Amino acid sequence: MLQVQFIRQNKELVLERLGVKNFKEPGLVEEILALDDQRKKLTLEYDDTQAKVNSASKEIGKLMASGDKAAAEARKQEVANFKQALGPINESLAATEKSLHDTLVKLPNLPGANVPAGKTPEDNVEVRGGGAKPVLAQGSVPHWDLAKKYDLIDFELGNKITGSGFPVYKNKGARLQRALISYFLDFNTAAGYIEMLPPYLVNEASAYGTGQLPDKEGQMYFVTEDNFYLIPTAEVPVTNIYRDEILKESELPVKMTAYTPCFRREAGSYGKDVRGLNRLHQFEKVELVQLVHPDKSYAILEEMVIHVEKLIQSLGLPYRILNLCGGDMGFTAAQTYDFEVYSAAQEKWLEVSSVSNFENYQTNRMKIRYKDENGKNQLVHSLNGSSLALPRILACLLENNQTPEGINIPEALQRYFGSDRISNG
RNA sequence: GGAGAGAUGCCUGAGUGGCCGAAAGGAACGGUUUGCUAAACCGUCGUACGGGUUAAACUGUACCGAGGGUUCGAAUCCCUCUCUCUCCGCCA
């Protein structure tokens with residue numbers, strides 16, 4: 001969430017930026033400021049009264065010790081009066097703080113300076129791309145047919161075991177998943193990211209910290225018996241590693257990478273977009289997370305984009321990078337680049353990575369800070385990005401590299417996969 | 001699943017009603033000394049929200065797992081919850 005102090009000092013900017021994000025309730029800004037004024041007023045009142053209670057209590061102790069019972073009793077009466085006043089003040093203070101917080105949480109992050117205006121995905125700006133779209137041979141088919149032909153993925157079996165959206169990877173299909181995960185992790189650790197293997201279930205505080213709660217609990221699977229959420233992305237457990245921590249400035253940037261399965265209920269999915277690997281309830285992903293000095297987060301955002309770009313290039317897939325417009329960005333992001341790869345048989349662009357700078361929106365919730373040179377605690381900026389989401393990468397690899405002889409494996413993957421082709425030979 | 005113990009600052013760990021925001025040691029940071037390293041010595045060393053100030057200084061309140069209660073006054077007493085640890089059982 002945003003910092004009240006920041007909103008107070010930059011009200012016009014906040015309103016203007018919320019406009020870029022097409023935020024529907026700009027009135028919340030005034031509401032927040034009013035609530036904060038109220039909070040300050042009540043705090044002052046409460047603190048002053050409490051101070052009187054405290055000092056009177058101290059005196060009572062001394063009076064008792066010196067045997068002046070009568071004076072002590074008189075003071076006690078005073079304290080009782082103060083405390084009577086304290087009750088209602090405390091109640092309205094608590095109520096004010098709660099509504100302030102509840103309102104603050106409704107405010108999305110502000111789009112950064114480079115975010116294009118716009119409302120829908122059509123307004124996203126293509127930054128650049130690369131890789132040529134392959135020309136497929138006659139008789140080329142989408143990945144779900146290839147998966148069957150080469151016995152790589154069994155969607156029906158997943159239906160039987162769990163339900164739709166939970167495919168079973170088999171044989172070379174399973175092997176290829178493992179190869180991709182290992183390759184991605186190695187690629188990331190070579191760039192200085194520390195490998196993590198976090199829990200796949202998180203508690204409420206963690207889900208709140210990265211912004212999945214309070215509003216998006218519907219996207220997550222929930223274990224009612226223990227109040228745990230299945231992670232929708234490694235971002236949740238990995239970023240929360242540093243929740244409530246104060247880092248030294250010299251420890252920044254913190255760079256982490258993690259492979260995890262991701263679980264998404266995706267209640268709104270339907271139609272042809274959900275065919276095959278395009279949209280699943282459980283999928284594999286390797287994630288990048290960075291915690292950085294506020295002055296450097298945008299430079300690092302660009303670095304991360306280049307990092308992911310190189311990874312996609314190494315797989316030989318045609319891709320494009322989109323700078324998301326204000327209206328299409330996530331609630332918590334300040335700027336997001338989406339990566340899409342071209343799935344040649346479906347003739348469709350598929351999103352395989354989303355790299356975002358959250359500035360201090362997440363870290364303000366999680367209280368991830370560093371001590372600056374003056375010894376003051378400052379919020380760090382958090383960023384994350386996929387590198388990469390596996391199913392759609394797999395879909396593209398299968399479709400784009402299909403030949404009558406089999407499916408060619410990109411060179412970078414061969415040593416992980418153990419061969420250069422999937423075939424029925 | 002059964003039994004027990006515990007939760008204090010970055011860590012270890014004292015603290016059973018006022019003198020405790022909290023001893024002591026360690027770590028860390030700054031400095032002195034030093035050919036270098038080590039050691040020694042001196043100093044600093046929680047967080048949040050307010051007031052105050054150009055900024056400081058200064059100052060108020062809260063926080064000793066969380067929430068409630070008793071009391072003039074709670075880290076300390078009582079209740080509830082959560083979590084952790086140990087032993088047994090089960091198990092990868």
Side-chain angles (χ1 to χ4, degrees), chain A residues 1-9 32-105 197 199-209 213 222-229 237 240-252 254 261 291 360 363-380:
Chain A
M1 61 192 165
L2 298 176
Q3 299 181 100
V4 180
Q5 202 190 5
F6 177 86
I7 298 174
R8 184 174 293 287
Q9 288 164 357
I32 286 166
L33 292 179
L35 283 166
D36 191 48
D37 284 338
Q38 179 76 356
R39 180 191 63 86
K40 281 191 188 178
K41 189 176 140 255
L42 289 167
T43 300
L44 192 59
E45 208 174 323
Y46 181 89
D47 285 358
D48 283 351
T49 312
Q50 185 59 246
K52 287 176 190 163
V53 170
N54 289 348
S55 70
S57 294
K58 273 191 181 151
E59 281 178 43
I60 290 168
K62 285 179 193 150
L63 291 169
M64 301 281 264
S66 68
D68 193 344
K69 280 252 161 78
E73 283 308 319
R75 293 304 251 156
K76 280 191 192 181
Q77 187 52 49
E78 243 175 70
V79 170
N81 292 339
F82 288 139
K83 289 191 77 171
Q84 205 151 39
L86 228 37
I89 299 175
N90 194 22
E91 262 174 47
S92 38
L93 180 58
T96 305
E97 279 175 343
K98 184 177 182 324
S99 20
L100 175 61
H101 178 262
D102 291 350
T103 314
L104 213 44
V105 165
L197 204 162
Y200 303 156
L201 278 72
V202 296
N203 58 30
E204 196 176 317
S206 295
Y208 173 81
L213 297 180
F222 183 55
V223 182
T224 54
E225 199 70 358
D226 299 285
N227 289 327
F228 291 146
Y229 293 89
N240 273 282
I241 288 172
Y242 284 92
R243 171 153 49 88
D244 292 320
E245 297 289 332
I246 299 173
L247 294 152
K248 287 184 211 151
E249 196 166 341
S250 61
E251 291 177 281
L252 301 175
V254 174
L291 302 172
N360 63 23
T363 55
N364 188 30
R365 286 187 176 205
M366 281 185 277
K367 298 283 171 280
I368 305 180
R369 292 162 293 176
Y370 74 97
K371 225 172 242 313
D372 71 15
E373 51 203 5
N374 301 317
K376 288 195 72 175
N377 295 329
Q378 308 283 1
L379 295 169
V380 304

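Because the structure is predicted, anything quoted here is derived from the model rather than measured. Side chains included, hydrogens not; waters and symmetry mates left out as well; all remaining heavy atoms used. In the text below, chain A, chain B and the rest are named by the order of the sequence lines, each starting its count at 1.
Each of A/D226 and A/A80 has a nearest nucleotide on RNA chain B; the 5'-most of these lies closest to A/A80.
Between B/rA7 and B/rG65, the two P atoms lie 8 Å apart (nearest whole Å). One P atom belongs to B/rA23, the other to B/rU8, and the distance between them is 16 Å to the nearest Å. When the P atom is used for both B/rU54 and B/rC72, the distance is 43 Å, rounded to whole Å. Rounded to whole Å, the P atom of B/rA22 lies 14 Å from the corresponding atom of B/rU44. Comparing the same atom, P, in B/rG50 and in B/rU34 gives a spacing of 49 Å after rounding to whole Å. Between the C1' atoms of B/rG31 and B/rC85, the separation comes to 42 Å (whole Å). Spacing between B/rC83 and B/rC77 at atom C1', rounded to whole Å, works out to 23 Å. The gap from the P atom of B/rA66 to that of B/rU84 amounts to 16 Å, rounded to the nearest Å.
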Please list, pair by pair, any protein nitrogen or oxygen found under 3.5 Å from a nitrogen or oxygen in nucleotides 47-53 of chain B.
from   : atom 1 : to     : atom 2 : distance (Å)
B/rU47 : OP1    : A/K371 : NZ     : 2.6
B/rU47 : OP1    : A/N377 : ND2    : 3.2
B/rU47 : O3'    : A/R369 : NH1    : 3.1
B/rA48 : OP1    : A/R369 : NH1    : 2.7
B/rC49 : O3'    : A/R39  : NH1    : 3.0
B/rC49 : O3'    : A/R39  : NH2    : 3.0
B/rC49 : O2'    : A/R39  : NH1    : 2.9
B/rG50 : OP1    : A/R39  : NH2    : 2.1

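A heavy-atom distance below 4.5 Å is found between the side chains of A/E73 and A/K76. Side-chain contact between A/Y370 and A/V254: absent, with no pair of heavy atoms (C-beta onward) separated by less than 4.5 Å. Inter-residue side-chain proximity for A/E204 and A/N227 is flagged as unmet; no heavy-atom pair is nearer than 4.5 Å. A/R365 has its side chain within reach of A/Y208: a pair of non-hydrogen atoms, C-beta onward, lies under 4.5 Å apart. A/I32 has its side chain within reach of A/L100: a pair of non-hydrogen atoms, C-beta onward, lies under 4.5 Å apart.
Taking atom CG of residue A/D372 and atom P of nucleotide B/rC29, one finds them 17 Å apart after rounding to whole Å. One atom, CD1 of A/I89, and another, C1' of B/rA62, lie 15 Å apart when rounded to the nearest Å. Distance CG (A/D244) to P (B/rA66): 12 Å, rounded to an integer number of Å. Distance, A/N227 CG to B/rC83 P: 9 Å, rounded to whole Å. Atom CG of A/L86 and atom C1' of B/rC72 are 14 Å apart (whole Å). We find that CD of A/E225 is positioned 13 Å from P of B/rU82, with the value rounded to whole Å. Counting to the nearest Å, the P atom of B/rG73 and the CD atom of A/Q77 are 13 Å from each other. Residue A/I60 contributes atom CD1, which lies 14 Å from atom C1' of B/rG17 at whole-angstrom precision.
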Begin with the C-alpha distance, continue with both residues' side-chain angles, and end with the deciding distance and a verdict on salt bridge (charged side-chain N to carboxylate O under 4.0 Å, His left out) for A/R75 and A/E78. CA-CA 5 Å; A/R75 293 304 251 156; A/E78 243 175 70; 2.3 Å; yes

Salt bridge (charged side-chain N to carboxylate O under 4.0 Å, His left out), that's the test. Do A/R8 and A/D37 meet it? Break it down for me. CA-CA 10 Å; A/R8 184 174 293 287; A/D37 284 338; 3.1 Å; yes

With side chain to side chain contact (heavy atoms under 4.5 Å, CB included) as the criterion, how do A/V380 and A/R369 come out once you've worked through the C-alpha distance, each side chain's angles and the decisive distance to 0.1 Å? CA-CA 5 Å; A/V380 304; A/R369 292 162 293 176; 5.6 Å; no

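Both key distances under 3.5 Å define a Watson-Crick or G-U pair, and stretches of 3 or more such consecutive pairs in RNA chain B run B:1-7 with B:82-88, B:10-12 with B:24-26, B:28-32 with B:40-44, B:46-51 with B:58-63, B:65-69 with B:77-81.
Listed by chain and residue number, nothing satisfies the side chain to side chain contact (heavy atoms under 4.5 Å, CB included) test with A/K58 (two or more places apart in sequence, or in another chain). Every residue meeting the side chain to side chain contact (heavy atoms under 4.5 Å, CB included) condition with A/N203, not counting sequence neighbours, appears here in chain and number order: A/A205, A/S206, A/F228, A/R243.
For residues 50-58 of chain A, proximity to RNA chain B is found at A/Q50, A/A51, A/N54, A/S57, defined as any non-hydrogen atom under 4.0 angstrom from a strand atom.
In A/Q9, the CD atom is crowded: over 12 heavy atoms of neighbouring residues, nucleotides or ligands sit closer than 6.0 Å.
Counting only residues at least two apart or in different chains, salt bridge (Lys or Arg N to Asp or Glu O under 4.0 Å) contacts with residues 88-105 of chain A comprise A/K98-A/D102.
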